[in-house]
Protein chains: 2
Amino acid sequence: MGRVTIADVAKRAGVSLASTSRALNGQVASAATVEKVRAAAAELGYIPDSAARSLRTRRTGQLAFAVADIGNPVYVEMMREIESVVAAEDYRLVVSRTGDADATVELVRDLNRGYVDGLILSPLRVTDALVAALEASTVPAVVIGRLPDGAGVDTVMADSEGGVALAVEHLVTGGARRIAFLNGPVDTTPGRFRHAGFLRAVAERNDLVSAEYSAEDFTIEAGYAAATEIFENADTPWDAVIAVNDLVGIGIMHAAATRGISVPQDLAVVGIDNTSLTEVSHPGLTSVDLGSTRRGRKAAQLLLARMEDPELAPRAVRVPPSLQVRGSTTAQPTSVSRFASGEGRPR
Amino acid sequence: MGRVTIADVAKRAGVSLASTSRALNGQVASAATVEKVRAAAAELGYIPDSAARSLRTRRTGQLAFAVADIGNPVYVEMMREIESVVAAEDYRLVVSRTGDADATVELVRDLNRGYVDGLILSPLRVTDALVAALEASTVPAVVIGRLPDGAGVDTVMADSEGGVALAVEHLVTGGARRIAFLNGPVDTTPGRFRHAGFLRAVAERNDLVSAEYSAEDFTIEAGYAAATEIFENADTPWDAVIAVNDLVGIGIMHAAATRGISVPQDLAVVGIDNTSLTEVSHPGLTSVDLGSTRRGRKAAQLLLARMEDPELAPRAVRVPPSLQVRGSTTAQPTSVSRFASGEGRPR
DNA sequence: TACCGTCCTGGAATCGTTTCCAATGGAATC
DNA sequence: GATTCCATTGGAAACGATTCCAGGACGGTA
């Protein structure tokens, strides 16, 4: 015995194929028919075939989430949130790697195969070709990040500038005057905007000494290497360093520990993203929360809304930042006690 | 103009639909035909439809990876590895949550919808119904974890017992005699086997004082709470604690820090899974590596092999454990320097 | 009784591919 | 020149669902 199809169910129930389909899908059908069909389907253990249904309905019940590196906790947190939002609407989540710029464009073009009903994309680098592909796509897409003004694509963006300003303000309030920014690759969206935020925040005050460095990647290792170099060569002993993300921030803290620089007494460190890592490090890493889970949720909601009504005007949502202060910027011996109290990072 | 179908390409190329399909899929076709078809397809921007293809070929090019909680770094590491293995064979990855026991069974049954060609499942709890569903499934599945002996399903398992034994041995060598085990929920696969490993390892020596506790969940928070309670009530000051996983281990270290217990001098802590978190904490967390990435890779390979040949006899692969020693068990001031050297966790 | 409207029903078309199978044409062999 | 063979080809039948559309049954009203 092979697969049980709807035809088998129809035969067993003694009604037509059409009626069977209607009965199973809650379309118009008499109570008697529904009853017979339900029973027959249950007896046979009928399970509808996705491919056939997709072919006919032009819907897959799947959404894609594409990022550069699923290893980065910030993407994991987004994914979790997105999964929970779309699962509530019975969508499955397909994960993809964006790869390099060409691969990203290829990924967007591939949407036309129709293997998903929508895409949430968080590209590290945005090219013209990518924007064009997104605008041309018949499959709805939402971008988490920044697109050029006027791009006809839904986006949800973080307020990097505002977030970094919060960090600078916090550090200055704590007495810091010599503040460095350790960026990641500058040709990326986060690299560019977080850096810009730092420049602006620093420019707004005239009592600060500042400089920008950059790590080769958004990783702990790269952060460690870059920080080590800074510590060795800097003629200015920095009061504080703001890292482009938490991973790089952790790398800085390790480098400091290795050289006997104590955090936060000798050096304050601030990360960005407020991932769960901030609570694992010791001391806890003060971090700018750019709302990754909220961005994930927002993106999922935008996508669902657009799939509902494709004619909607493109929207750009901005999620406000906040600062989560931990031990890496203030000497608070009880800074780890939140595990008992349940405060801290939003879950 | 609507979707471009293969019929449009056929017309444009001036050949039959059948020939067009063959030409595009590298089946037998004359060079001239291939050329014409290629050109026509390119001009029209033809992209084959996944649903139609799946319906006909009974293949989707998708695999599912199902775990309890994508937030746990050990699953993220597995997923990364799995993704890279299957992407090389042009498979996409669908992520699912296992949820509770019933939901897991439901998930396996759902495979019969045919939305994926295979499944990699890492269930926290294994029920008879789950095993039955897996054995009955027409879609190949591989389980990362333990199934009852004789279950006709491919599995890849960690050597929890061996791994915990390594940890005990390491601690004893370091001088520890009073060793506690902080488990997670005991009715889960990892809870059960890691605990059993501890009991056996301890039983093999007669000079040890030991006890087992359990945290309510496999999280930092639960580890912190349980450890705090242990520190408050224990009449035995423990030399070392082995945690059921890294998250709980980190929780223990935080609890220790809060109470002024210094690690590793007053208390040694060992985690399990050797996730990236072990290098974020300070000091670094010594951890039993149960080969999560290798298990992920193995699982992916087993799955691909079984899809290739469904008649294969079920296989059970065991991945050997190792111990990664870090600062939480030995006072090594340079324990964080590996970021510079590139050693440590396999990537 | 005739007519109309409502509610259900089933036949058949359709979604876009792949692939079976019979047919064609030309080259090669005798 | 007839026969065999091989390489290609195109028509048509799947794959398994949903949905259009015409028609039948039935009840109510004139």
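Sequence lines set the chain letters: A, B, ... in the order given, protein chains first and strands last, and positions in each chain run from 1.
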Students often get this wrong, so: under 4.0 angstrom with heavy atoms, is B:T57 touching a base, only sugar-phosphate, or nothing?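 If one applies the 4.0 Å heavy-atom cut-off, B:T57 turns out to touch the sugar-phosphate alone, with no base involved.
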
Whole angstrom value for the distance that separates [atom2] of [N] from [atom1] of [X]:
| X | N | atom1 | atom2 | result |
| --- | --- | --- | --- | --- |
| A:I47 | D:dA17 | CD1 | P | 11 Å |
| B:D49 | D:dC15 | CG | P | 19 Å |
| B:L55 | D:dA13 | CG | C1' | 13 Å |
| A:I6 | D:dA14 | CD1 | P | 19 Å |
| B:R59 | D:dC15 | CZ | C1' | 15 Å |
| B:R113 | D:dA17 | CZ | C1' | 12 Å |

Pair [X] + [Y]: basic N to acidic O under 4.0 Å:
| X | Y | value |
| --- | --- | --- |
| B:R306 | B:D154 | yes |
| B:D49 | B:R3 | yes |
| B:D8 | B:K11 | no |
| B:D69 | A:R80 | yes |
| B:D187 | B:R192 | no |

What's the angle between the local helix axes at either end of the helix from C:dT1-D:dA30 to C:dC30-D:dG1, using five pairs per end and rounding to 10 degrees?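 The angle separating the two end axes equals 60°.
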
Stepwise, does the side-chain hydrogen bond (donor to acceptor under 3.5 Å, both in side chains) test hold for B:Y91 with B:R59? CA-CA 11 Å; B:Y91 282 98; B:R59 295 191 57 255; 2.8 Å; yes

Within this structure, what is the CG-CG distance for the pair B:D309 and B:L312, rounded to the nearest 0.5 Å?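 That separation rounds to 4.5 Å.
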
I'd like to check A:R38 versus A:L24 (side-chain heavy atoms, cut-off strictly below 4.5 Å). Are they in contact?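 No, too far: nothing below the 4.5 Å cut-off.
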
Just checking B:R297: does its CZ atom have more than 12 heavy atoms from other residues, nucleotides or ligands closer to it than 6.0 angstrom?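 Yes, because the 6.0 Å sphere around CZ of B:R297 holds more than 12 heavy atoms from other groups.
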
Among residues 22-40 of chain A, which contact DNA chain D at a heavy-atom distance under 4.0 Å?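 Per residue number, the list reads A:R22, A:N25, A:Q27.
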
Could you check A:R56 against B:R56 and say which one's nearest nucleotide on DNA chain D is further toward the 5' end?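 Mapping each residue to its closest nucleotide by heavy atoms, the 5'-most match is B:R56.
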
Going 5' to 3' along DNA chain C, which are the first and last nucleotides with any atom under 4.0 Å from a heavy atom of chain B?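 Footprint of chain B along DNA chain C, 5' to 3': C:dG16 to C:dC20.
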
Under 3.5 Å, is there a donor on one side chain and an acceptor on the other for A:S19 and A:R22?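 Their side chains do contain a donor-acceptor pair, which is all the 3.5 Å distance test asks for.
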
Stepwise side-chain contact (heavy atoms from CB on, under 4.5 Å) test for B:V94 and B:F65: CA-CA 6 Å; B:V94 177; B:F65 178 53; over 6 Å; no

Would you indicate, yes or no, if D:dG11 has its OP1 or OP2 atom less than 4.0 angstrom from a side-chain nitrogen or oxygen of B:S16?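 False: B:S16 side-chain N/O out of range (4.0 Å or more) of D:dG11 OP1/OP2.
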
